[in-house]
A.B. asks: 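The structure is given below, and queries will be raised subsequently.
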Amino acid sequence: MPQKTDPDWPRFVRTPEAARLLDLSPRTLEKHRCEGTGPIYRKLGGRVVYSVADLEAWIEAAARHSTSQAAKVRPTPALIPAAGTAR
């Protein structure tokens, strides 16, 4: 019997499980999503899902050596000019 999915296929989790993995409340994760400061997410139908790899990448991006070290800024799609447009 063949496997249903490829073992290399990304594992997706919904908001409650993602929040549990990050030790955050689901509401905090929702707030990060609205502000664009949280991990990358996907909308599948009406459901929000996160890949475990994206959660791990968000954690790594938050690593600091001291409190004076600035956060790495990730450009948001809304702030990136479209190709061929002038400012």
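Sequential numbering from 1 along the given sequence is applied to the chain's residues.
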A.B. asks: Tell me whether Arg64 contacts the main-chain N or O of Ala62 through its side chain, where contact means a donor paired with an acceptor under 3.5 Å.
C.D. replies: yes
A.B. asks: How long is the straight-line distance from CG of Leu29 back to CH2 of Trp58, given to the nearest 0.5 Å?
C.D. replies: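 It is 7.0 Å, given to the nearest 0.5 Å.
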A.B. asks: Minimum heavy-atom separation for Pro26 to Pro16, with atom names?
C.D. replies: CG-CA, 4.3 Å
A.B. asks: Relative to Tyr41, does Arg33 satisfy both conditions: NZ or CZ under 6.0 angstrom from the six-membered ring centre, and within 45 degrees of the ring's axis?
C.D. replies: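 Here Arg33 passes the 6.0 Å and 45° test against Tyr41.
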A.B. asks: Using side-chain heavy atoms (C-beta onward) and a distance below 4.5 Å, is Thr28 in contact with Leu22?
C.D. replies: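 When only atoms from C-beta onward are counted, Leu22 and Thr28 do not touch, as no gap falls below 4.5 Å.
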A.B. asks: Over all heavy atoms of both residues, which pair between Tyr50 and Ile40 is shortest? Give the atoms and the distance, please.
C.D. replies: CD2-O, 3.4 Å
A.B. asks: For the CG atom of Leu24 and the OG1 atom of Thr15, what is their distance to the nearest 0.5 Å?
C.D. replies: 11.5 Å
A.B. asks: One thing to verify: whether Arg20 and Glu17 come together as a salt bridge, which I'm taking to mean a side-chain N less than 4.0 angstrom from a carboxylate O.
C.D. replies: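 A salt bridge is present here (some side-chain N lies under 4.0 Å from a carboxylate O).
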A.B. asks: Would you say that more than 12 heavy atoms from the other residues, nucleotides or ligands in this model lie under 6.0 Å from the CZ of Arg14, or not?
C.D. replies: no
A.B. asks: Roughly how far, to the nearest 0.5 Å, is the CG atom of Leu21 from the CD atom of Glu56?
C.D. replies: 9.0 Å
